[in-house]
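These notes are about the structure you will find just below.
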Amino acid sequence: MKETKIDWCDCTLNSVIGCKNGCEYCYARKINDRFHFVDNWNEPKFFEERLQQLKSKKPKSIFMNSMSDLMHWKDEWFEKTFNAILENKQHKYIFLTKSLSLHIPEKPNNVFLGCTIDTQARADKCWISIYDFLSIEPILEPIKLNPKKLYIITENGIENTCCKQIIIGAETGNRKDKVVPKKEWIDSIVKQCDEVNIKVFMKSSLKDIMGKDFRQDKLIWEV
Ligand code: SF4
C-alpha cells in the first residue's frame with residue numbers, strides 16, 4: 001500500500017497495473033514509464049501478492065485501481081481481489097472505471113464504485129444511478145448532468161438512487177493541450193448537485209480557481 005497525494009483517500013493499492021483506454025492525459029502511464037511495473041502498459045497484469053498488504057489492521061480508505069481500469073480486469077483478478085476485500089473488512093475500498101455501465105454483483109457495503117466522466121458526451125451516456133459516486137476529473141468542458149439520471153421522484157418527493165457524491169478535479173501535469181477549467185463550469189455542477197442533495201468534493205487542483213467557493217463535503221466513505 002502506498003500513501004498518496006490524492007485527497008479523497010488514505011492510500012492506493014494496485015493489484016492490477018496497465019490499461020487499454022489510452023487517455024491522452026493519463027498520469028498512471030507516465031508513472032509506469034518511469035518505474036516499469038509492466039513492460040507493456042496496454043496489457044494489464046495482475047500482482048496477486050500485493051493483496052497481502054490489505055491485512056494491515058489500521059482502517060484506511062484505499063483507492064484500489066489508480067493504475068488500471070476495472071473494465072479490463074479478468075474474472076480471476078476480480079475474484080481474488082474481492083476475496084481479499086471480504087477477508088479485510090476494516091478498510092473502505094474505492095474503485096473507479098471509465099466504463100459507463102459497470103455493475104459489480106453483490107458489492108460489499110465497504111466497497112464504493114465510481115465512474116469517471118470528463119466530457120458531456122460521456123455524461124450523457126453514463127448510467128449514473130448505478131454508481132456510488134462520479135468522478136469528473138479532469139473536467140474538460142462544461143457538463144450538464146441529466147437530472148433524470150441522478151435521482152428518482154417518488155410519491156414523497158425526490159429520492160437519490162445510488163450516486164451520492166461527485167468529485168471534481170482539474171487536469172494536472174504539463175500536457176501541451178492541458179485544459180484549465182473555468183469557475184463557472186464547477187459552479188454549475190455544484191448547483192446541479194445541491195438541487196438533488198448530492199455531496200460535492202473538489203480536489204485541491206481546484207483551490208485557486210474556486211477561491212472562497214472551494215468546497216469539500218464529507219466523503220461518503222468517511223461517514
Ligand atoms: S482510464 Fe485511467 S489508467 Fe486508463 S488510460 Fe485512462 S487515465 Fe490512464
Side-chain angles (χ1 to χ4, degrees), residues 1-48 50-51 61-78 81-82 93-104 111-128 130-141 143 163 165-181 185 189 201-206 221:
M1 260 187 301
K2 285 212 173 88
E3 291 205 356
T4 173
K5 287 183 183 156
I6 301 171
D7 40 10
W8 47 258
C9 61
D10 295 322
C11 52
T12 58
L13 185 138
N14 286 289
S15 55
V16 177
I17 298 182
C19 184
K20 301 180 184 195
N21 284 349
C23 308
E24 282 180 28
Y25 49 74
C26 183
Y27 187 67
R29 187 177 47 227
K30 280 193 191 141
I31 296 176
N32 188 66
D33 286 348
R34 192 164 157 212
F35 294 105
H36 305 288
F37 299 115
V38 289
D39 294 335
N40 182 355
W41 174 251
N42 301 311
E43 286 297 327
K45 271 194 178 169
F46 185 49
F47 295 83
E48 186 175 355
R50 291 184 171 204
L51 295 170
S61 55
I62 310 171
F63 182 16
M64 292 295 287
N65 67 321
S66 68
M67 300 283 291
S68 68
D69 188 320
L70 274 187
M71 68 201 276
H72 308 303
W73 282 33
K74 293 184 178 164
D75 289 349
E76 182 205 348
W77 305 348
F78 257 106
T81 302
F82 273 79
Y93 299 94
I94 303 142
F95 290 87
L96 269 177
T97 180
K98 279 213 157 74
S99 162
L100 298 167
S101 57
L102 192 139
H103 172 63
I104 299 180
V111 171
F112 298 84
L113 176 63
C115 179
T116 301
I117 58 174
D118 46 12
T119 59
Q120 184 66 55
R122 286 183 50 76
D124 289 342
K125 286 188 210 139
C126 181
W127 195 4
I128 296 174
I130 63 169
Y131 293 101
D132 298 300
F133 70 104
L134 280 188
S135 169
I136 306 185
E137 190 205 5
I139 180 165
L140 299 179
E141 59 188 23
I143 291 179
C163 180
Q165 181 140 38
I166 294 190
I167 293 172
I168 319 167
E171 183 175 348
T172 53
N174 298 309
R175 192 172 67 95
K176 189 171 131 272
D177 298 319
K178 179 175 165 179
V179 174
V180 179
W185 301 358
I189 292 171
F201 186 94
M202 295 177 196
K203 292 190 69 178
S204 305
S205 54
L206 290 174
W221 40 88

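In each ligand, atom 1 is the first atom listed, and ligand 1 is the first ligand listed. Predicted, not measured: the structure shown is a model, and the values here were computed from it.
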Atom 6 (Fe) of ligand 1 reached by Cys26 (N, O or S, under 2.8 Å): no
Considering heavy atoms of the protein only, find what lies nearest to [atom] and give residue, atom and distance to 0.1 Å.
| atom | answer |
| --- | --- |
| atom 1 (S) of ligand 1 | Asn21 ND2, 3.2 Å |
| atom 4 (Fe) of ligand 1 | Cys19 SG, 2.3 Å |
| atom 6 (Fe) of ligand 1 | Cys23 SG, 2.3 Å |

Looking at side-chain heavy atoms only, is the closest gap between Thr4 and Phe63 below 4.5 Å? no
Report the C-alpha separation of Asn14 and Ser66 in whole Å, then their side-chain angles, then the decisive distance to 0.1 Å, and conclude whether the side-chain hydrogen bond (donor to acceptor under 3.5 Å, both in side chains) test is met. CA-CA 7 Å; Asn14 286 289; Ser66 68; 3.0 Å; yes
Do Ser68 and Trp73 pair up side chain to side chain, a donor and an acceptor below 3.5 Å, judged on atom types alone? yes
Check each of Tyr131, Phe82, Phe112 against Phe95 using the ring-ring contact (aromatic ring centres under 6.0 Å, His included) test, and report the only one that passes. Phe82
Hey, which atoms in ligand 1 end up nearer than 4.0 Å to a heavy atom of Gly22? 5 (S)
Is Lys98 near ligand 1, meaning one of its heavy atoms is under 4.0 Å from it? yes
Would a line drawn from the ring center of Trp221 to the ring center of Phe133 be shorter than 6.0 Å? yes
